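Remarks on the structure that follows.
Just so it is clear, the structure is predicted and the values come from calculations on it, not from any experiment. Just follow the structure's listing: the first ligand is 1, and inside any ligand the first atom is 1.
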Amino acid sequence: MSTLTGLQCPECGEEFEADVVQTVCESCDSPLFARYDLAQTARALSRERVSARPAGLWRWAELLPVRDPGKRFTLGEGDTPLLPLRRIGERLGLKRLYVKDEGVNPTGTFKARGMAVALSRAIELGTEEAVTPTAGNAGGALANYAARAGIPAHIYMPRDAPASNQAEVLAAGSDLQLVEGTIEDAGREAAAEASSRGWTNFSTFREPYRVEGKKTMGLELADDFGWELPEVVIYPTGGGTGLVGMWKAFEELEELGWVDSRRPRMVSVQSEACAPIVDAMRSGADRVVAAKSNPTRAPGLRVAKPYADRLILRAIRESGGSAVAVSEEQIAASEAELARAEGIFACPEGAATLAGLEKLVQSGEVEPDERVVLFNTGTGLKYLS
Ligand SMILES: *Cc1c(COP(=O)(O)O)cnc(C)c1O
Ligand SMILES: [Zn+2]
């Protein structure tokens, strides 16, 4: 069912064999992208048939890397609701404001999409033991998918990560390693263990398939909107897999002929506590300079130097989008408004998108009739201490 043909470095174009475990393009120090036979997919499949399949991200199997249907480890991820925000839209003067609520995914965040696909593919390629650094949610997702698949997982998490993340890792029977410092410190420890012990490292963009799972958010958006993509997508950005994955989805959909060339403006929202993408957009750079990394109520956004910086910045610029930083107070106020006005108990990262939207409205960057989608990347329930 998968039409995966190979892996390719988006910087130098070099092609890599897909049916063995791969990491990155060493010469460019870049993530690898999965490539598919889209001409074959367009001939064999229609968007109507994909829409009619049973719910969940595996209905996009032709555009995902897992070849053996028996290796699709699932907990019911994907096909999250697209909800209109009528009260908040009215307050902001926007007629067509929506939230895509990723909080209903297994493990409570969109990280489930990436880990479902990446772990399934890794097991198909022979992985027997998994490791990841995490700010919290990626670790919770990997721990649970590893339990589902029946392999051991090692999770490296900063000691100050939310208690719920530590609890879900332990509950799933994974090995929890609490690290002094930030996710970058956790990343160094996880990488060292991965190479000395032969574990597969699921760190953001260090393997090619988490981004494929996240890509399904973009595929679903097309389907949700009747194959006419919305004008604006606002996404809380940490490592950038969601933003880069959706941009890749739009490219593949256009090549399939399932959407036209009109694509959303991609808006990246970060916390003022750690905003490397906002800084790079402001200075016009195509690489990120490591930002300050202060604690924030939105730990998923605390990535001082994302590995996929070139891909993130390119997607934002090609889309005609922008990047905005919001304060801790604005994030808290947006959390409260989403819950009280709309009944959505959002995670701080997701609520940050509403704070970002306020800024865009104030500066006149969004038209009243445009379809605007906020991504709530997780449920607020995961942040209770
Ligand atoms: C990881 C995470 C993010 C950031 O995701 P990227 O796609 O890697 O930028 C945002 N929100 C939540 C809740 C997260 O767990
Ligand atoms: Zn390369």
Side-chain angles (χ1 to χ4, degrees), residues 7-16 22-33 100-103 105 107-115 118 132-142 157 161-162 164-165 168 183 187 202-206 208 210-218 233-248 266-271 274-277 288 296-312 315-316 323 331 335 345-353 356 374-383:
L7 297 170
Q8 189 180 31
C9 170
E11 303 304 325
C12 68
E14 189 179 334
E15 290 175 6
F16 295 76
Q22 297 277 14
T23 56
V24 299
C25 175
E26 302 283 356
S27 29
C28 304
D29 202 16
S30 164
L32 297 178
F33 269 170
K100 181 98 168 141
D101 193 2
E102 293 293 307
N105 274 303
T107 73
T109 78
F110 81 117
K111 290 290 196 301
R113 294 181 188 260
M115 288 304 181
T132 197
T134 176
N137 290 325
L142 181 61
M157 197 184 283
S164 57
N165 290 127
E168 68 181 334
I183 189 170
F202 289 84
S203 180
T204 302
F205 279 116
R206 305 296 168 130
R210 274 175 68 187
V211 68
E212 293 301 295
K214 307 248 179 120
K215 178 179 87 176
T216 59
M217 292 188 291
V233 166
I234 308 188
Y235 201 87
T237 309
T241 44
L243 200 132
V244 170
M246 280 193 273
W247 194 244
K248 185 171 186 285
M266 305 299 283
V267 177
S268 166
V269 176
Q270 300 201 294
S271 161
C274 182
I277 300 297
V288 150
T296 159
R297 58 193 293 122
L301 307 187
R302 195 177 170 194
V303 181
K305 195 176 187 318
Y307 186 62
D309 56 348
R310 285 170 287 200
L311 298 172
I312 298 169
I316 296 170
I331 295 174
E335 284 173 48
F345 188 22
C347 64
E349 293 88 344
T353 62
L374 308 180
F375 267 84
N376 176 34
T377 42
T379 172
L381 292 170
K382 292 200 79 175
Y383 296 71

Query raised in the report: Nearest to atom 5 (O) of ligand 1, what protein heavy atom do you find, and at what distance?
Result: Phe110 CZ, 3.2 Å
Query raised in the report: Quick one: which of Thr109, Thr241, Val303 has a heavy atom closest to atom 8 (O) of ligand 1?
Result: Thr241
**Report entry** Cys347: numbered ligand 1 atoms lying under 4.0 Å from its heavy atoms
**Finding:** 13 (C)
Query raised in the report: For ligand 1, which atoms sit closer than 4.0 Å to a heavy atom of Tyr383?
Result: 13 (C)
Query - Side-chain donor-acceptor contact under 3.5 Å, Tyr383 with Glu349 - result: yes
Query raised in the report: Under the 6.0 Å and 45° cation-pi test, does Arg206 pair with Tyr307?
Result: yes
Report task. Using distance alone, decide if ligand 1 has a nitrogen or oxygen within less than 3.5 Å of any nitrogen or oxygen in Asn137. Result -> yes
Requested in this report: Measure the shortest side-chain to side-chain distance between Pro31 and Pro10 over non-hydrogen atoms and say whether it is less than 4.5 angstrom.
Outcome: no
Query - Atom indices of ligand 1, in the order listed, that fall short of 4.0 Å to a heavy atom of Tyr235 - result: 7 (O)
Query raised in the report: Are the side chain of Thr109 and the backbone N or O of Lys111 linked by a donor-acceptor pair below 3.5 Å?
Result: yes
Report task. Check each atom of ligand 1 against the heavy atoms of Lys111 and keep those under 4.0 Å away; list them by number with element. Result -> 1 (C), 2 (C), 3 (C), 5 (O), 14 (C), 15 (O)
Query raised in the report: With a cut-off of 4.0 Å, which atoms of ligand 1 are near a heavy atom of Thr237?
Result: 9 (O)
Query raised in the report: Taking distance alone, with no angle check, do Gly239 and ligand 1 share an N/O pair under 3.5 Å?
Result: yes
Query raised in the report: atom 10 (C) of ligand 1: which protein heavy atom is closest, and how many Å away?
Result: Thr377 OG1, 3.6 Å
Report task. Would you check whether Gly238 has a nitrogen or oxygen atom less than 3.5 angstrom from a nitrogen or oxygen atom of ligand 1? Result -> yes
Query - SG (Cys12) to the Zn ion (ligand 2) to SG (Cys9) angle, given to the nearest 10 degrees - result: 110°
Requested in this report: Please examine the side chains of Cys25 and Phe16, heavy atoms only from C-beta on, and report whether any two atoms are closer than 4.5 Å.
Outcome: yes
Query raised in the report: Does any N or O in the side chain of Glu15 come within less than 3.5 Å of the main-chain N or O of Gln8, such that one atom is a donor and the other an acceptor?
Result: no
Query raised in the report: Is there a side-chain contact between Met246 and Lys215, using heavy atoms and a 4.5 Å cut-off?
Result: no
Query raised in the report: Is any side-chain heavy atom of Pro306 closer than 4.5 Å to a side-chain heavy atom of Ile277?
Result: yes
Query - Short side-chain donor-acceptor distance under 3.5 Å, Thr296 and Arg302 - result: no
**Report entry** The one among Gly240, Ala346, Ala298 that brings a heavy atom closest to atom 9 (O) of ligand 1
**Finding:** Gly240
**Report entry** Sub-4.0 Å atoms of ligand 1 with respect to non-hydrogen atoms of Gly242
**Finding:** 7 (O)
